[in-house]
There are 4 protein chains.
Amino acid sequence: MPKIDGYLTKEKILNVAEKLFSEVGYDAASISTISKLAGINKATIYFHFKNKQSVLHELFFNMIEQMENRLLPVEESGLNLKDKLRKEIDFLREKKDIISILLMESIKTNTRDDSLFQIAYSEIYNKKSRLTELANSKKNLFLAHEFFTGFIPILNFVVLEDKYRNFFKLDEESVIDNFIDVIIKSHYNTHII
Amino acid sequence: MPKIDGYLTKEKILNVAEKLFSEVGYDAASISTISKLAGINKATIYFHFKNKQSVLHELFFNMIEQMENRLLPVEESGLNLKDKLRKEIDFLREKKDIISILLMESIKTNTRDDSLFQIAYSEIYNKKSRLTELANSKKNLFLAHEFFTGFIPILNFVVLEDKYRNFFKLDEESVIDNFIDVIIKSHYNTHII
Amino acid sequence: MPKIDGYLTKEKILNVAEKLFSEVGYDAASISTISKLAGINKATIYFHFKNKQSVLHELFFNMIEQMENRLLPVEESGLNLKDKLRKEIDFLREKKDIISILLMESIKTNTRDDSLFQIAYSEIYNKKSRLTELANSKKNLFLAHEFFTGFIPILNFVVLEDKYRNFFKLDEESVIDNFIDVIIKSHYNTHII
Amino acid sequence: MPKIDGYLTKEKILNVAEKLFSEVGYDAASISTISKLAGINKATIYFHFKNKQSVLHELFFNMIEQMENRLLPVEESGLNLKDKLRKEIDFLREKKDIISILLMESIKTNTRDDSLFQIAYSEIYNKKSRLTELANSKKNLFLAHEFFTGFIPILNFVVLEDKYRNFFKLDEESVIDNFIDVIIKSHYNTHII
DNA sequence: CATGAATGAGATTTCATTCAT
DNA sequence: GATGAATGAAATCTCATTCAT
């Protein structure tokens with residue numbers, strides 16, 4: 001391995017780790033395997049990262065940052081809701097791996113990591129900046145609506161799409177089309193504000 | 001029949017494993033820890049189970065069986081939708097641990113386990129037995145509706161409830177009440193059939 | 001390896017560890033090497049001991065216990081001082097390994113282990129039970145005398161004897177004889193009480 | 001000439017290493033830690049030193065050189081024994097770290113390093129140059145006296161002083177005063193020649 | 001002179017699993 | 001049914017050392 005560009009090595013590690021974590025879960029993914037897949041020495045991972053946890057943290061941190069800084073396609077002009085949603089879902093599909101990890105880690109009872117909620121927070125408050133003006137009771141209802149009938153179904157769709165399709169023997173296009181139809185009818189058409 | 005804390009040893013193992021798996025995930029939970037928490041010898045676990053995997057399988061199997069055989073409160077007479085839902089959610093809350101495990105394992109890309117979908121299938125087909133009579137296109141739309149706007153949000157609510165409440169600093173009763181309100185409006189009131 | 005008598009295995013580990021620690025120091029002695037020398041599997045050490053530190057602790061603990069419970073030959077009747085001392089030194093020579101470890105570990109500035117002082121305490125107070133009756137100023141002088149001109153020289157003799165002999169090209173018997181002569185003249189003949 | 005905190009880099013490395021070695025022992029002190037404490041890059045250490053061992057060797061070499069070249073305060077005129085001893089001990093106290101390392105390394109059975117004895121040799125022969133004139137039997141007795149009842153207790157005092165004081169809950173001044181008293185009575189007043 | 005990046009070897013420790021009793 | 005003892009494999013992480021820049 002050329003001792004040239006530490007930045008590239010670090011990127012490589014993060015990419016490989018993201019993929020592997022999503023495939024087998026954080027705990028079942030070993031540093032050994034990551035190093036082999038990245039084509040580098042095990043110890044090199046510890047040159048770039050304090051420990052295994054910090055690889056995960058950096059993945060989460062990068063994800064949170066990206067989500068906070070992006071322009072929401074929902075707010076883009078000139079597109080109808082269906083097309084906007086399709087664009088958003090395609091965007092998230094590219095992030096399927098890190099979303100899988102995020103969901104898995106959030107579910108563990110013992111975790112103190114709240115990256116999932118941080119992302120949800122920024123997504124939801126991005127969308128409706130007037131949210132803060134609402135009365136508390138309404139605000140919490142709105143939050144529940146956004147989180148449990150919008151955010152969660154969409155992330156789960158991205159993550160479970162393939163298995164859903166395989167189990168129920170459906171074809172690819174109909175699955176995404178159907179999902180967009182039902183999420184519009186159930187979530188977007190029933191918005192409170 | 002030797003018992004530990006009133007449970008048969010095998011049941012004790014299953015209970016402890018279920019709790020630990022949900023806390024730290026299947027991979028981070030060791031047979032050693034399970035045996036210590038159950039107050040038995042490590043080797044005893046291997047008397048009752050072929051290996052670690054089969055402890056998980058038995059948990060999943062039991063869960064699937066229970067879900068298939070239960071009477072859906074939704075179909076019970078005399079209760080309005082809100083109360084029925086509340087009953088159903090309370091039932092699922094008691095199964096929070098196994099549901100957590102189920103969700104975590106389903107998300108792993110590499111898993112071939114489809115217990116989550118088996119349960120979804122039986123839940124959804126239980127509810128609407130006439131589903132099979134529908135035309136294919138309608139059927140798939142219905143399936144997407146049930147799975148992604150009903151089943152998934154409800155399971156995720158059960159599993160994420162506490163963390164959601166803590167992160168957004170909400171009080172317990174309002175969280176469940178709000179969830180029931182929004183799931184009714186988004187899922188139940190928008191049923192296709 | 002026969003899975004028969006865990007007690008023997010533990011003893012074997014302690015013996016091997018004691019020897020190796022004294023040869024190369026605690027930190028340079030690896031669990032791997034210990035296991036190989038003991039003819040057992042590395043993991044077996046962790047069945048009998050919590051971790052590497054606890055192997056050291058158990059060695060120290062055993063040493064402290066032995067020292068506290070032994071009858072001091074110095075108090076034995078019928079022997080003159082020279083013979084008593086010779087007996088005592090021969091007793092300590094058999095414990096050369098653990099004494100080496102004890103001294104090395106005591107010297108480390110960062111150590112919080114005070115096994116050396118615990119042993120010194122019990123040795124010194126054993127010898128002169130009337131010590132407690134002394135006035136404080138005398139007591140401390142007595143302590144300094146016992147510790148720095150008796151205990152420390154003797155332990156260091158046991159530990160450095162061979163190297164001292166080799167460096168100065170002396171023969172074995174003259175070294176021990178000379179040491180006994182000088183320790184009697186300097187320490188025992190100058191006792192305060 | 002690049003300096004760190006006013007020291008040349010090499011000196012800085014030696015100072016940091018000396019301190020760390022004395023705190024945790026040679027083996028537990030890593031080049032990594034030394035470089036961090038010195039505020040330099042790990043590789044820089046390998047520019048100034050062949051390897052880790054040679055850092056230790058240079059520390060020992062410097063110490064030996066210093067000890068060989070110093071004027072012994074014991075021989076200074078105008079001071080009584082007590083004051084001379086106090087001066088000597090204060091001199092050695094400043095070398096506490098390197099003395100700790102020296103002692104620890106000397107105790108290891110496997111070590112072939114004899115720096116401790118080299119220093120002892122030059123100290124003892126410095127003091128009494130007419131030593132060589134003595135008959136062999138007397139010489140060896142004298143050597144044993146100097147080494148085991150003078151040199152060793154003094155070095156051990158310097159190294160164990162703090163721990164001795166803490167364990168027996170003594171105050172600083174009384175400890176050094178008492179030590180000087182007892183070493184005079186036991187060692188200096190019992191000189192053979 | 002000094003550094004960032006890398007590595008092979010090996011450290012401690014834990015894993016799932018086995019087996020004689 | 002249950003256990004103490006053991007193990008091979010693999011986990012995470014650290015080590016001393018190297019080298020291109």
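Letters go in sequence order (proteins before strands), and every chain restarts at 1. Computed from heavy atoms alone, side chains included, the values below leave out hydrogens, waters and symmetry copies.
Atom pair D/I34:CD1 and F/dT14:C1' shows a separation of 14 Å (rounding to whole Å applied). As rounded to whole Å, 13 Å separates atom C1' of E/dC19 from atom OH of B/Y46. What separates NZ of D/K36 from C1' of F/dC15 is a distance of 12 Å, to the nearest Å. Between the CD1 atom of C/I31 and the C1' atom of E/dT12 there is a distance of 7 Å, rounded to whole Å. Between the NZ atom of C/K42 and the P atom of E/dT13 there is a distance of 11 Å, rounded to whole Å. When rounded to the nearest whole Å, the span between CD1 of A/I45 and P of F/dA11 equals 12 Å. Straight-line distance from the NZ atom of D/K50 to the C1' atom of F/dT17: 11 Å, rounded to whole Å. Atom pair D/D27:CG and F/dA16:P shows a separation of 9 Å (rounding to whole Å applied).
Picking from E/dT7, F/dC13, E/dT17 the nucleotide with the shortest atom distance to the side chain of A/K52 gives F/dC13. You'll find that the side chain of D/H48 is closest to E/dA2, out of E/dA16, E/dA2, F/dT12. Proximity note for D/N41 (side chain, C-beta onward) versus E/dG4, F/dT7, E/dT17: the nearest is E/dG4. For A/A43, taking side-chain heavy atoms from C-beta onward, the closest of the listed nucleotides E/dG8, F/dT18, E/dC19 is E/dG8.
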#### Entry: Worked check of side chain to side chain contact (heavy atoms under 4.5 Å, CB included) between B/T9 and B/F47
CA-CA 10 Å; B/T9 300; B/F47 176 81; over 6 Å; no
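Put simply, the side chain of B/K163 gets close to the backbone of A/T111: a donor and an acceptor are under 3.5 Å apart.
Considering D/L160, D/L116, D/L102, D/I119 as possible partners of D/L155, the one that fulfils the side chain to side chain contact (heavy atoms under 4.5 Å, CB included) test is D/L116.
Counting heavy atoms of neighbouring residues, nucleotides and ligands inside a 6.0 Å radius, atom NZ of B/K19 does not exceed 12 of them.
Phosphate proximity of F/dC15 to D/S32: absent, as no side-chain N or O sits under 4.0 Å from OP1 or OP2. Here B/S30 does not reach the OP1 or OP2 of E/dT14: none of its side-chain N or O atoms lies under 4.0 Å away. For A/T44, a side-chain nitrogen or oxygen approaches OP1 or OP2 of E/dT7 to under 4.0 Å. OP1 or OP2 of F/dA6 lies within a sub-4.0 Å distance of a side-chain N or O belonging to C/T9.
Annotation: cation-pi pair C/K10/C/F49 present, NZ/CZ under 6.0 Å from the ring centroid and within 45° of its normal.
Partner assigned to E/dG4 is F/dC19, using Watson-Crick or G-U wobble distances below 3.5 angstrom.
Between A/Q53 and D/A29, the residue anchored nearer the 5' end of DNA chain F, judged by the nucleotide with its closest heavy atom, is A/Q53.
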